[in-house]
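For the single chain, residues carry numbers from 1 onward in sequence order. Everything numeric here is computed off the predicted structure, so don't read it as measured data.
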Amino acid sequence: MPRYQPLSLGSPTTPSTNTNTIPRSTSHSSGSRRRTVLPPALHNCLASLSQSPYIPSRSQIIGYISGTLFAVAWWVFFDGILFSATREPPVPVTVRFEDWIPGLLSTISLIIVNLIDKHMLSGDAEDSWAGGSSFASSSSVAGKARGCAFLGVSMALGALGGAAAILCLKYILPGYEGDSLYLGISIIVQNVMIFFSSMVLWFGRNSFSSDDGYDIRL
């Protein structure tokens, strides 16, 4: 009788498979333990801050930034007008109606551009805006929205060009310098800030869902 019995093929395989599966489950559990989890107190604090009425939402922050740019733009323009009217000795350039035109066009452009929703430009909102009306139920809603957007952007760019033309033709070419250029520079600053105010409001308002804040549509 041989001294050593031959090993069977069935019995050793069972513990070997068990020994292989145990490290796998251990590694999986150790990997899950490495995940960073916020402490419950910090998590509750952040959740309460996000739901606090004193913390503005993203849409409100966008509105604050856009409104601040718009208000400062007109403030700079009025400051230039008052400076030119009250300076001693008086500024040789008189304030006329053409100095108001670029700012008015930029303001109208801001209103037109931000009355258009991005879904109307792509035609995705035709079904939701149909409502049985002849205008919204037509297939040219996206085309009309793009036309209005083109008109608004064209007015904004035209206002910027008009402000630059006023500065060059009315202030620089006649040879004015120093304080006499302040109103012309203020017109440029006004229209640039209104343009950025319009872009900040449109892109900020259309970069997230309307459930997070207000929604302005045509």
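- One hydrophobic cluster, built from ILVMFWY side chains closer than 4.5 Å, holds both Phe203 and Ile116.
- In the hydrophobic clustering of this structure, Val153 groups with Phe70; members are Ile, Leu, Val, Met, Phe, Trp, Tyr whose side-chain heavy atoms approach within less than 4.5 Å, directly or through other members.
- Here the side chains of Ser180 and Tyr171 are not in contact, with every heavy-atom distance at 4.5 Å or above.
- Heavy atoms from other residues, nucleotides or ligands lying under 6.0 Å from CZ of Phe78 number more than 12.
- A chain of hydrophobic side-chain contacts below 4.5 Å, direct or via other Ile, Leu, Val, Met, Phe, Trp or Tyr residues, connects Val72 to Phe195.
- Looking at Ser154, its side chain does come within 3.5 Å of a backbone N or O of Phe150 through a donor-acceptor pair.
- At a threshold of 4.5 Å between non-hydrogen side-chain atoms, the residues Asp99 and Lys170 count as touching.
- Atoms CD1 and CD, from Ile187 and Glu98 in turn, are 8.5 Å apart once rounded to the nearest 0.5 Å.
- Heavy-atom minimum distance, Ile166 versus Pro102: CD1-CG, 3.7 Å.
- The hydrophobic clustering, which links ILVMFWY residues whose side-chain heavy atoms are closer than 4.5 Å, places Ile108 and Ile194 apart.
- Looking at every heavy atom in both residues, Gly80 comes nearest to Leu183 through C-CD1, 3.7 Å.
- Closest approach of Ala159 and Ser106 over heavy atoms only: CB-OG, 3.1 Å.
- Considering CE of Met155 and CG of Leu157, their distance stands at 11.5 Å, rounded to 0.5 Å.
- Within the 4.5 Å cutoff, no side-chain heavy atoms of Asp79 are placed close to those of Ser186.
- Relative ring orientation between Trp100 and Trp74 is described as tilted, the plane-to-plane angle lying within the 30° to 60° band.
- A donor-acceptor pair under 3.5 Å is formed between the side chain of Asn114 and the backbone N or O of Leu110.
- The structure places CG of Leu160 at 10.5 Å from CG of Leu105, a figure rounded to the nearest 0.5 Å.
- Leu167 has its side chain within reach of Ile172: a pair of non-hydrogen atoms, C-beta onward, lies under 4.5 Å apart.
- Shortest non-hydrogen contact noted between Cys168 and Pro174 is O-CD, 4.2 Å.
- Between Phe77 and Asn191, the closest side-chain pair of non-hydrogen atoms is not below 4.5 Å.
- Leu82 is not connected to Ile188 by any chain of hydrophobic side-chain contacts under 4.5 Å among Ile, Leu, Val, Met, Phe, Trp and Tyr, and they are in different clusters.
- Not one N or O on the side chain of Ser197 forms a donor-acceptor pair closer than 3.5 Å with the backbone of Leu69.
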